[in-house]
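Counting starts at 1 for both ligands and their atoms, following the listed order.
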Amino acid sequence: MVMGTLRAPPPLHPCTSFLNSPETTPKSCPASFLRQRKTKIGYLALRRSLADGNKNKGGVRSSQDGSSTIQGGKKAEGFLLGAERDAVSGSVVGFHLISPPGDSDVIDSKDKLATDREEVAEVIGGEGKVLTRVTHSIVFVTAEAAPYSKTGGLGDVCGSLPIALAARGHRVMVVSPRYLHGGPSDKKFAGASEVGSPTKIYCFGGEQEVGFFHEFRAGVDWVFVDHPSYHRPGNPYGDKFGAFACEAPLVLPLGGFTYGEKCLFIVNDWHAGLVPVLLAAKYRPYGVYKDSRSILVIHNLAHQGVEPAVTYNNLGLPLEWYGAVEWVFPTWARTHALDTGKAVNVLKGAIVTADRILTVSQGYAWEITTAEGGNGLDELLSSRKSVLNGITNGVDATEWNPSLDEHIPSNYTIHDLSGKVECKIALQKELGLPIRPDCPLIGFIGRLDYQKGIDIILSATPELMEEDVQFVMLGSGERQYEDWMRVTEAHYRDKYRGWVGFDVPISHRITAGCDILLMPSRFEPCGLNQLYAMRYGTVPVVHGTGGLRDTVENFNPYAQEGLGEGTGWTFSPLSRENLLAALKIAIQTYREHKSSWEGIMKRGMEKDCTWDKAAIKYEQVFEWAFIDPPYVI
Ligand SMILES: Nc1ncnc2c1ncn2[C@@H]1O[C@H](COP(=O)(O)OP(=O)(O)O[C@H]2O[C@H](CO)[C@@H](O)[C@H](O)[C@H]2O)[C@@H](O)[C@H]1O
């Protein structure tokens, strides 16, 4: 859980003291990285200036109004730092950059309120590309961020969207736990060094000391919260603690400056769901974070962080805020006659108090407002429809690119697909399946969970195995399904392989080597594997739900004067029969209509699913978030 305590923003050091001090040089922000960027944009420009300024023994010139000029080697390269002061207390809560005369391509790095949006000029990137008109200080709060921690799609999104936003000129921090499980994965945090001094948080009946570790990578401040509860074997969801994120923007002088109070929290799923509740209950009533905004991103409504009502006492929230997270199970869901059904629901609290709500596709944004897809929260979500939007996830094009992928044996492109056949042969060899390049190879990758429709796969497999096909599944999760995969492999030695475990390189090789990717998810907020599959020329066959319906276009051979259109097959409603029917049509098309198949592959590979496209849509929502007043009672 996210815990917090009210703290007055600590007074920032006067610029002169920390900008001149060698210890506060942004060590984790190599000047070489900063110099690679040709454009001076927002915060990155400031960091470059700091790095260059330090190199040139530049200094800071303070003026009477509190603004300062950081001077590099040359006077013309200076930046003005305008201090932002709290209107009531007059204390400094952050800084913004002011372009010195004649320096037209430097823009304000602070988040802008709606009223001054028009004044902000468009920023043109190094390649002449329009980046963004308004930059924000953005704080992602998440339980997972790849490559540091990942158990599923949340880690992918929080590992790549922040980088896409930083590349567009925003100042971006990602706050997530520093998991030390006592295994090789601990090395992933080796590049992060301790920053700031430990902070005290009041929760779980006492004072908890949390530390912060920091790594500046790919333009993003990765901040890892350190607490003994994260030092344990298991995986990120092995116990009930979460991230201590509300303090980080106030106390961490990253690259010399805190993010300050005017930041934008992007709160991911229930794990981070106490952040907007804490803003509303413990900060804003005291004038702190009153200019910040929070956006709740729902990646999966099925997980809501529901705990017994007594848990409330541990959350560090004032008693009168119980109603925000209060949850009462309907009578039919109670376990015994004395069960009152009383619980706390963290996600519900976030839905009530967040300034805006996003989901990871438009289809899912609608589904969660219906009784069928709302997991008990549909009425509450419907009441917040005016601030609810859906933005389809993107693909990390450096991680998932068949022409560059280091995990696959042969690279290929849309213009030369010969490498894909080599990937298929290598996969068959690796799995010990008969090497048959012409045999349709079907893949599944995902958590073995009710959401993913594994029970439907299970019931359809015997009939599927009567076809001349090969089928490989990679996944971990529910024990019964893991056991079923082992038994099925023993039964169909020449056709089926079940790889039980979580293995990123093999997931790339399956994505590249298969002809078809099967995703019969019962519900799917967005889904990433079908996006990855399309980029790799692997044709998705999916249940038409949520983000799957939004992203996979059903194949129509008659469209475009017989040239065909579509990138895969969607079937609905979800049933064993419909899954088999869709797979059989796909298999037949693969065998008998080679040119149609190639058309489907190529249309999928051409689809623009980049994060940059999604980041532009996020910026629109940021703008709306700052137009409305924040949630305050
Ligand atoms: N055994 C294994 N080995 C290696 N890699 C494995 C694996 N099992 C899963 N993965 C990887 O984990 C990721 C799964 O992402 P998804 O979006 O498909 O689902 P998930 O349900 O976790 O995410 C939730 O959040 C995301 C992000 O918003 C939404 O897209 C989605 O609909 C929602 O359910 C993919 O990168 C996949 O390759």
Side-chain angles (χ1 to χ4, degrees), residues 140 142-147 149-162 185 235-237 266-272 296-304 358-365 367-368 373 375 390-396 399-400 405 407-408 443-454 472-478 481-482 485 497-512 514 517-536 538 540 542-543 545-552 609 611 614 618:
F140 277 78
T142 176
E144 298 181 28
S149 52
K150 165 174 163 173
T151 70
L154 174 64
D156 284 350
V157 173
C158 292
S160 34
L161 175 59
S185 64
N235 70 37
Y237 306 111
I266 300 192
V267 172
N268 293 279
D269 276 349
W270 78 266
H271 326 111
L296 168 68
V297 184
I298 299 177
H299 299 264
N300 195 333
L301 192 66
H303 302 282
Q304 300 179 2
L358 267 174
T359 67
V360 286
S361 70
Q362 288 189 348
Y364 193 61
E367 284 175 14
I368 60 175
N375 291 84
I391 299 176
T392 304
N393 285 332
V395 169
D396 180 343
E399 164 88 6
W400 292 94
D405 195 329
H407 299 303
I408 63 177
F444 168 91
I445 301 166
R447 292 181 290 108
L448 302 177
D449 178 295
Y450 178 77
Q451 173 191 348
K452 303 293 177 185
I454 311 295
V472 52
M473 287 177 67
L474 166 66
S476 58
E478 283 186 39
Y481 297 134
E482 293 184 350
M485 280 164 59
R497 286 293 175 276
W499 188 304
V500 175
F502 193 94
D503 191 313
V504 172
I506 183 71
S507 75
H508 283 245
R509 294 201 286 277
I510 290 175
T511 304
C514 285
L517 185 90
L518 179 63
M519 280 185 83
S521 304
R522 194 159 263 106
F523 67 93
E524 196 60 81
C526 176
L528 293 169
N529 287 315
Q530 84 281 11
L531 301 179
Y532 301 154
M534 286 188 279
R535 276 183 75 81
Y536 280 67
T538 302
V542 304
H543 172 215
T545 181
L548 295 176
R549 189 179 42 215
D550 287 5
T551 55
V552 179
C609 304
W611 268 117
Y618 268 80

What verdict does the side-chain contact (heavy atoms from CB on, under 4.5 Å) test give for E482 and S476, after you've listed the backbone C-alpha separation in whole Å, the side-chain angles of each residue and the deciding distance to 0.1 Å?
CA-CA 7 Å; E482 293 184 350; S476 58; 3.6 Å; yes

Nearest-neighbour protein heavy atom for atom 6 (C) of ligand 1, which is reported as residue plus atom name and distance
F502 CE1, 3.3 Å

Enumerate the atoms of ligand 1 whose separation from the nearest heavy atom of G446 is less than 4.0 angstrom.
8 (N), 9 (C)

Tell me whether G153 has any N or O atom under 3.5 angstrom from an N or O of ligand 1.
yes

How close does the nearest protein non-hydrogen atom get to atom 3 (N) of ligand 1, and which residue and atom is it?
D503 N, 3.0 Å

May I ask whether Y364 has any heavy atom positioned less than 4.0 angstrom from an atom of ligand 1?
no

Y532: which of T511, D156, T538 passes side-chain hydrogen bond (donor to acceptor under 3.5 Å, both in side chains)
D156

Residues passing the salt bridge (Lys or Arg N to Asp or Glu O under 4.0 Å) test with R535, sequence neighbours excluded, are none

Show me which atoms of ligand 1 lie under 4.0 Å from any heavy atom of V157.
27 (C), 28 (O)

Quick one: list whatever passes side chain to side chain contact (heavy atoms under 4.5 Å, CB included) with E367, sequence neighbours left out.
Y364, T545, R549

Give the ring-plane orientation class for Y536 versus W400, where under 30° counts as parallel, over 60° as perpendicular and anything between as tilted.
perpendicular

E524 and K452 have their tightest heavy-atom pair at OE1-NZ, 2.9 Å

How long is the straight-line distance from NE2 of H508 back to CG of D503, given to the nearest 0.5 Å?
10.0 Å

Taking a cutoff of less than 4.0 Å between a non-hydrogen atom of the residue and any ligand atom, is Q451 in contact with ligand 1?
yes

Heavy-atom closest contact (P505 atom, H407 atom, distance):
CB-ND1, 3.7 Å

Count the heavy atoms of every other residue, nucleotide or ligand shown that sit under 6.0 Å from CD of E399, and state whether that count exceeds 12.
yes

Counting from 1 in the order shown, the ligand 1 atoms closer than 4.0 Å to a non-hydrogen atom of H299 are 24 (C), 25 (O), 27 (C), 28 (O), 33 (C), 34 (O)

Quick one: CG on L531 to CG on L548, what's the gap to the nearest 0.5 Å?
8.5 Å

Would you mind finding which of S476, G501, C526 brings a heavy atom closest to atom 1 (N) of ligand 1?
G501

Do me a favour and list the nearest non-hydrogen protein atom to atom 37 (C) of ligand 1 with residue, atom name and distance?
N529 OD1, 3.2 Å

Identified side-chain hydrogen bond (donor to acceptor under 3.5 Å, both in side chains) partner of H299 from the options N268, N393, T142, D269
N268

Closest heavy-atom approach to atom 16 (P) of ligand 1 among L528, L301, V395 is made by L528

Output the distance between atom CZ (R509) and atom CH2 (W499), rounded to the nearest 0.5 Å.
6.5 Å

Distance under 4.0 Å to a non-hydrogen atom of K452: what atoms of ligand 1 satisfy this?
18 (O), 19 (O), 20 (P), 21 (O)

Could you list the atoms of ligand 1 found under 4.0 angstrom from a heavy atom of D156?
13 (C), 35 (C), 36 (O)

Nearest protein heavy atom to atom 29 (C) of ligand 1, by residue and atom, and its distance?
G527 N, 3.7 Å

Distance, nearest 0.5 Å, that separates CZ of R522 from CD1 of I454:
9.5 Å

Which atoms from ligand 1 have a heavy atom of P525 less than 4.0 Å away?
32 (O), 33 (C), 34 (O)

With heavy atoms of K150 as the reference, note each atom of ligand 1 found under 4.0 Å away.
11 (C), 12 (O), 36 (O)

Around atom 32 (O) of ligand 1, find the nearest protein heavy atom and jot down its residue, atom name and distance.
E524 OE2, 2.5 Å

Kindly confirm or rule out an N or O of R447 lying under 3.5 angstrom from an N or O of ligand 1.
yes

Please list the nearest protein heavy atom to atom 12 (O) of ligand 1 with its residue and the distance rounded to 0.1 Å.
G152 CA, 3.5 Å

With heavy atoms and a 4.0 Å threshold, my read on which part of I506 contacts ligand 1 is neither

I want to know if ligand 1 touches V360 in the polar sense, i.e. an N/O pair below 3.5 angstrom.
no

So if I count the atoms of ligand 1 from 1 in the order they appear, which ones are less than 4.0 Å from some heavy atom of N300?
34 (O)

Measuring from non-hydrogen atoms of G155 to any atom of ligand 1, is the shortest distance under 4.0 Å?
no

A quick test of your reading: do over 12 heavy atoms of other residues, nucleotides or ligands sit less than 6.0 Å from CZ of F502?
yes

Look at ligand 1 and say whether G547 reaches it with a heavy atom at a distance under 4.0 Å.
no

